[in-house]
Amino acid sequence: MNQSLIPVILAGGKGERFWPLSRQNRPKQFLSLDGSGKTLLEATADRLLPLAGGWERLWVCTAAEVADGVRERLPQLPKENILIEPERRDTAPAVAWTTLEVAKRYGQQAVLGFFPADHWIGNQQAFQTTLQAATELASNEAAIATLGITPTYPSTGYGYIEQGELKGDFQGLPTYKVTRFTEKPDRQTAESFISTGRFSWNSGMFIFRASVFLTEMQKYASEIFLPLQAVGKAAYGQLTKKSIDYALMEKTQLAYVVPANFGWDDLGDWNALERLLKKDNQNNVELADHVGQETKGAIVYASDDEEVIVTIGLEDLVIVRDGKVTLVAQKNRTQEIKQVLKQLQTHPKYKKLL
């Protein structure tokens, strides 16, 4: 059994850690952050289209609040291929509901791949080859494949996958049974993982046959699967928020990892811009008209080309100017942006800034 992939873009997130550039009506997937001029959503669609064989086989699962923005940015995508969640319930319900809907059209043997809309991929050809390997595995085996990113530093912000026994080669790439998933370890643990050579970062990309995935969901996450199977998205109100990792991947015995090395970043917060854009001879990452004196290690962004940001004697800061909001934060505390947004939500005068 060999068949092509049906890619699904998961585009329902908020991307709050890119606030104030990311807002409720302009979430992270609608931003252009890598200097290409394309939004993250558009770039994701572009690299998946060759695998899909055209727009007719590309799908998007998104939230009701941003569905119009998806249609606007992907006008060639058939409207029936945009699945709109009535409520945000994390990735397990999104993946399960989408798989059920795709299976209705293409059958239980359809091979689906799920891809977050906020990833940066460096080597497009290597990305295609890796996905072809994962598709071949999923087509021929009872397997739920995930792409494991070769770690380049001991990140404490990513989940890790430990590879076990070799399953075999697909498209010339080795594939391993997953021994375990570990969520966001401390630095010492991350360093020990990397030193073994057996661990990769969890990319959040999954490839499987619909029948295999749905059987495993019924077995390990029936509280999500059965309501969706019965009434579709009308069940969302009774579902708990749960990621696909917690709901299924940490429990199933059919998880396999294809180690990947194509240049990857999940663009989680403002620090991602430094990883992508900073050159060796640069003091700062500047996506703004910036005049700096004795400023280093800064990430500076302004939406308005006519605005000037002036800094003196600063180090390791994120400085973002968008509309009527200015964010100044230490780079190692950008995770706290979500907490600030919760504070702003309690003040009526600030709600228009969210």
Side-chain angles (χ1 to χ4, degrees), residues 11 13-47 66 69-70 72-73 117-122 124 152-153 157 263-341 343-345 347 349-354:
K14 299 178 182 178
E16 291 177 325
R17 285 173 291 175
F18 271 98
W19 185 87
L21 190 59
S22 179
R23 308 285 183 104
Q24 289 179 348
N25 64 344
R26 188 182 62 196
K28 178 171 59 171
Q29 56 268 33
F30 295 168
L31 304 180
S32 177
L33 296 169
D34 61 1
S36 69
K38 289 184 178 180
T39 67
L40 297 178
L41 176 63
E42 291 166 336
T44 304
D46 283 352
R47 64 173 165 264
V66 295
V70 170
E72 178 184 336
R73 286 160 181 83
D118 57 357
H119 287 180
W120 171 84
I121 302 295
Q124 303 294 328
T152 55
Y153 65 97
W264 172 89
D265 201 295
D266 78 339
L267 303 180
D269 62 23
W270 285 105
N271 289 295
L273 298 190
E274 187 170 68
R275 296 192 295 269
L276 291 186
L277 303 176
K278 189 172 183 180
K279 307 267 192 312
D280 290 338
N281 60 347
Q282 282 183 315
N283 284 324
N284 308 294
V285 173
E286 300 173 340
L287 293 169
D289 192 349
H290 174 226
V291 178
Q293 181 171 312
E294 296 182 3
T295 294
K296 61 181 180 179
I299 299 168
V300 187
Y301 186 101
S303 298
D304 190 335
D305 292 339
E306 296 184 3
E307 291 191 352
V308 181
I309 295 177
V310 180
T311 62
I312 302 172
L314 301 182
E315 187 172 349
D316 293 337
L317 292 182
V318 174
I319 304 164
V320 181
R321 176 73 178 158
D322 180 71
K324 295 184 178 181
V325 181
T326 301
L327 168 72
V328 182
Q330 293 179 350
K331 288 197 300 190
N332 62 0
R333 298 187 66 175
T334 54
Q335 301 287 326
E336 297 175 39
I337 290 176
K338 284 189 172 185
Q339 298 172 26
V340 172
L341 294 183
Q343 292 182 40
L344 297 181
Q345 287 172 356
H347 296 277
K349 66 178 287 189
Y350 296 138
K351 285 194 174 180
K352 61 185 178 182
L353 303 178
L354 298 173

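Partner of L354 under the side chain to side chain contact (heavy atoms under 4.5 Å, CB included) criterion, out of R23, Q345, E16: Q345 alone. No option in L33, V285, L267 other than L267 meets the side chain to side chain contact (heavy atoms under 4.5 Å, CB included) test with L276.
For the pair S22 (side chain) and G15 (backbone), a donor-acceptor distance under 3.5 Å is present. Listed for the W120 side chain is no donor-acceptor partner under 3.5 Å among the backbone atoms of G263. Using modelled atom types, no side-chain atom of N284 and backbone atom of I299 make a donor-acceptor pair closer than 3.5 Å.
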For residues 305-315, please give each side-chain donor-acceptor pair under 3.5 Å, one per line with the distance, not counting sequence neighbours.
unit_1 : atom_1 : unit_2 : atom_2 : d
E307   : OE1    : R321   : NE     : 3.2
T311   : OG1    : H290   : NE2    : 2.7
T311   : OG1    : T295   : OG1    : 2.8

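The ring pair (Phe, Tyr, Trp, His ring centres under 6.0 Å) test applied to W264 returns H119, Y158, not counting sequence neighbours. With sequence neighbours excluded, the residues that form a side chain to side chain contact (heavy atoms under 4.5 Å, CB included) with K279 are N281, Q282.
The pair D322-R26 meets the salt-bridge criterion, with a side-chain N (NZ, NE, NH1 or NH2) lying under 4.0 Å from an Asp/Glu carboxylate O.
Side-chain contact check for K14 versus Q24: every heavy-atom pair is 4.5 Å or farther apart. At least one side-chain heavy atom of V70 sits less than 4.5 Å from a side-chain heavy atom of F30.
Expressed to the nearest 0.5 Å, how far OG1 of T39 lies from CZ of R73 amounts to 6.5 Å. The CZ atom of F18 lies 8.5 Å from the CG atom of D118; values are rounded to the nearest 0.5 Å. With rounding to the nearest 0.5 Å, the separation of OH in Y301 from CD1 in I319 is 15.0 Å. The CD atom of Q335 lies 4.5 Å from the CZ atom of R17; values are rounded to the nearest 0.5 Å. Distance check: K331 NZ to N271 CG gives 6.5 Å after rounding to the nearest 0.5 Å.
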Exercise for the section: Run the numbers on D269 and I337 for side chain to side chain contact (heavy atoms under 4.5 Å, CB included), then give the verdict. Expected result: CA-CA 9 Å; D269 62 23; I337 290 176; over 6 Å; no

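The shortest heavy-atom contact between V66 and A11 is CG2-O, 3.9 Å. Closest heavy-atom contact between W19 and L327: O-CD2, 3.5 Å.
For CZ of R333, the number of neighbouring non-hydrogen atoms (other residues, nucleotides, ligands) closer than 6.0 Å is 12 at most.
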